[in-house]
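Okay, structure first, notes after.
Small disclaimer: the values here were computed from a predicted structure and weren't measured.
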Amino acid sequence: IASRYGGPHQRALDSLALAQALHASGRADDAWVALEIARGFGDLLQGEVIGYQADLCEATFALAAGDEGRCASALERAFTVGARQDYLNHQHFFPAEMARLCAFALEHHIVPDFARRLIGVRRLRPPRIDLADWPWPVRIHTLGRFSLTVAGQPISATDGLQQRPFELLRVLIALGGRAIRISEVIGEMWPADATIGGERRAAARRSRRPPLVVGEAAAVGRRERGAFDSTLSRLRRILGGDGEPDDLVLVEDGLLRLNSDLCWVDLWCCQRLLGNVRALLDAPDPPPARELLAPARELLRHYHGDFLAREAALPCITRLRDDLRQQVVSALADVAGVLCRRSLHDEAAKLYERATAIDPCRERLYREWIICLQQQGEFAEGLRVYQRCREVLADRLGSDRSGSAHAPESVCQHRRARLTHSPVDRQGDCSDLAHRDVGCRLRARSSPRPTPFGPPRSAPSRGPRKALRRPPCMLHVR
């Protein structure tokens, strides 16, 4: 009907709708043809709205095809017009597509003010949870430090607010942030020996409520549930929630979750990056080294320290802290091993250095770092790393070096002297050094180990065994 009876404006809108439908059905080539027809009708009109919509369609098609350059240029034209004309709505407005375009614009700094205004007015949901540039209403940092920002303003417990709401927020994040039983939260915050309202929790269990979840084994008492409800209400007031569907802390069927559409947590970004790195490492076809190095660097950019390192050591926080540290260090060590096997020793050495800074007491990291430096011929640097390993282990674990512990140091000094005075094949020399290092470690295992209270002790010499004197015969005793 539009093609027969409509004017240029109707035919342009009809072509735009046809282009989007063809692209959604997988006919990308036909979609580009329909888009050019729509752009031709738009040129016949005096307004800019058809060109604005055509540029948005072009950016969407290019982003889906992986052509980021064409997407950026089309999106810059569209957002420039949209900011000038304040276009916040148009025909065929799809929130999910506009959210992806706004996220791309913020990541590439394309008219970011208009992108943020469009997100705020249309209340667009973020396409991913790791978008640091997205205008999140609430931002929470938990790695290395704990900080809370609501609507761009930092919130601290020193502002006259009580500590319990912040502790509840930390417990929710430590327990995963989604599908959390209320009884589990109460067990973490109010253990059996806790005091609620001046009474022990055990005494408060005389009156129980029905189970919070069908099939849940443990029910909570009225006082514990009352304390939880009060703390949750105060936390919602701090976060700006009002109990509506937009609330940041939702309770559904007795399960708690943080609203990931309104809340950004650096821990979630770190866990997502860990998953990406592990997927690349476990892929059947190994990716290029540079493609593997990029997510590792991004992981280090987010991991500023242990999870809630300065907060109270609740069991759920301690478990997640240790598990996350283990996963980060293992991922960095595995990436460094791949880079070292591909002769990218400089990048591998940097990752080993960052990994030992995160977990200084893991001896395997120092050993692999030293071997990596040996393969480069950096024997002096290997000696420095060896000395650092000895000092850290002696300071933190109280271990003392035995006589066989001098062997790796003497081998490094010997090889460094040989390289200084006579030219040798460095690759063969490094492999010989690595084998000698392994032999030294094997000999070190058979040597006496130091005790926690001093140097190693050997078994005392007992000398020749003396013959036992038999007791006198008792037959003639009266």
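Arg181 places a side-chain heavy atom less than 4.5 Å from the side chain of Leu255. For the pair Phe146/Leu169, a side-chain contact is recorded, criterion being any heavy-atom separation below 4.5 Å from C-beta on. When side chains are defined from C-beta on, Leu148 counts as touching Ile238, because their heavy atoms get closer than 4.5 Å. Residues Pro95 and Arg125 fail the side-chain proximity criterion, which asks for heavy atoms closer than 4.5 Å. Between Leu373 and Tyr352 the shortest side-chain heavy-atom distance does not fall below 4.5 Å. When side chains are defined from C-beta on, Leu308 does not count as touching Ile173, because their heavy atoms never get closer than 4.5 Å. Two residues are said to be in side-chain contact when any heavy atoms from C-beta on lie closer than 4.5 Å; Val249 and Leu239 meet this criterion.
Taking CG of Leu172 as the reference point, atom CD of Glu184 lies at 10.0 Å (rounded to 0.5 Å). With rounding to the nearest 0.5 Å, the separation of OG1 in Thr231 from CH2 in Trp190 is 4.0 Å. If you take CZ on Arg321 and CG on Asp323, they are separated by 11.5 Å, rounding to the nearest 0.5 Å. In this structure, Arg341 CZ and Cys372 SG are separated by 11.5 Å, a value rounded to the nearest 0.5 Å. Ser343 contributes atom OG, which lies 5.0 Å from atom NE2 of His345 (distance to the nearest 0.5 angstrom). Separation of atoms CG (Leu248) and CZ (Arg257) is listed at 10.5 Å; rounding is to 0.5 Å.
Contacts of Phe93 classified as ring-ring contact (aromatic ring centres under 6.0 Å, His included), with partners at least two apart in sequence or in another chain: His90. Arg388 is linked by a side-chain contact (heavy atoms from CB on, under 4.5 Å) to Glu353, Thr356, Tyr366, Trp369, Val392, counting only residues two or more places apart in sequence or in another chain. A search for ring-ring contact (aromatic ring centres under 6.0 Å, His included) contacts involving Trp32 returns Phe61, not counting sequence neighbours. Residues satisfying the side chain to side chain donor-acceptor pair (under 3.5 Å) criterion with Ser147, sequence neighbours excluded, are His141, Arg145. Residues passing the side-chain contact (heavy atoms from CB on, under 4.5 Å) test with Ala64 are His23, sequence neighbours excluded. Every residue two or more places apart in sequence or in another chain that forms a side-chain contact (heavy atoms from CB on, under 4.5 Å) with Thr318 is listed here: Ala313, Asp322. Residues that satisfy the side-chain contact (heavy atoms from CB on, under 4.5 Å) test with Val251, not counting sequence neighbours, are Ile182, Leu232, Arg236, Leu256. In terms of the ring-ring contact (aromatic ring centres under 6.0 Å, His included) criterion, residue partners of Phe114 (sequence neighbours excluded) are, by chain and number, Phe79.
The backbone N or O of Ala227 sits nowhere less than 3.5 Å from a side-chain atom of Ser230 that would complete a donor-acceptor pair.
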Atom pairs and distances, side-chain donor-acceptor, residues 300-307, under 3.5 Å, sequence neighbours left out:
unit_1	atom_1	unit_2	atom_2	d
Arg301	NE	Glu298	OE1	3.4
Arg301	NE	Glu298	OE2	3.3
Arg301	NH2	Glu298	OE2	2.5
His302	ND1	Glu298	O	3.0
Tyr303	OH	Asp306	OD1	3.0
His304	NE2	Arg301	O	3.1
Asp306	OD1	Arg325	NE	3.3
Asp306	OD2	Arg325	NH2	3.1

Residues 274-288 side chain polar contacts: donor-acceptor under 3.5 Å, at least two apart:
unit_1	atom_1	unit_2	atom_2	d
Asn276	ND2	Arg272	O	3.4
Arg278	NH1	Asp334	OD2	2.9
Arg278	NH2	Asp334	OD2	3.2

Quick one: side chains of residues 102-113, donor-acceptor pairs under 3.5 Å with protein atoms, not counting sequence neighbours, listed by atom name and distance.
unit_1	atom_1	unit_2	atom_2	d
Glu107	OE2	Arg128	NH2	2.7
His108	ND1	Phe104	O	3.0
Asp113	OD1	Arg116	NH1	3.4

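Under the side-chain hydrogen bond (donor to acceptor under 3.5 Å, both in side chains) criterion, the residue pairs touching residues 50-63 are Arg39-Asp55, Arg39-Glu58, Gln53-Gln91, Asp55-Arg77, Glu58-Arg70, Glu58-Arg77, with sequence neighbours excluded.
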Item checked: Residue pair Ser15, Arg11: steps toward the side-chain hydrogen bond (donor to acceptor under 3.5 Å, both in side chains) verdict -> CA-CA 6 Å; Ser15 299; Arg11 298 188 67 177; over 6 Å; no
Item checked: Candidate pair Gln326 and Arg362, rule side-chain hydrogen bond (donor to acceptor under 3.5 Å, both in side chains), full reasoning -> CA-CA 10 Å; Gln326 172 78 16; Arg362 188 172 298 190; 2.6 Å; yes
Next item on the list: Please report the C-alpha distance between Arg384 and Gln387 in whole Å, then the side-chain angles of each, then the deciding distance to 0.1 Å, and finally whether the side-chain hydrogen bond (donor to acceptor under 3.5 Å, both in side chains) criterion is met.
Entry: CA-CA 5 Å; Arg384 185 189 68 82; Gln387 294 290 341; over 6 Å; no
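Between Arg297 and Glu347 there is a salt bridge, since at least one side-chain N of the basic residue sits less than 4.0 Å from a carboxylate O of the acidic one. One finds no salt bridge joining Glu167 and Arg170 here, because no Lys/Arg side-chain nitrogen approaches an Asp/Glu carboxylate oxygen to under 4.0 Å.
When every heavy atom of Ile129 is checked against every heavy atom of Ser260, the shortest pair comes out as CG2-CB, 4.4 Å.
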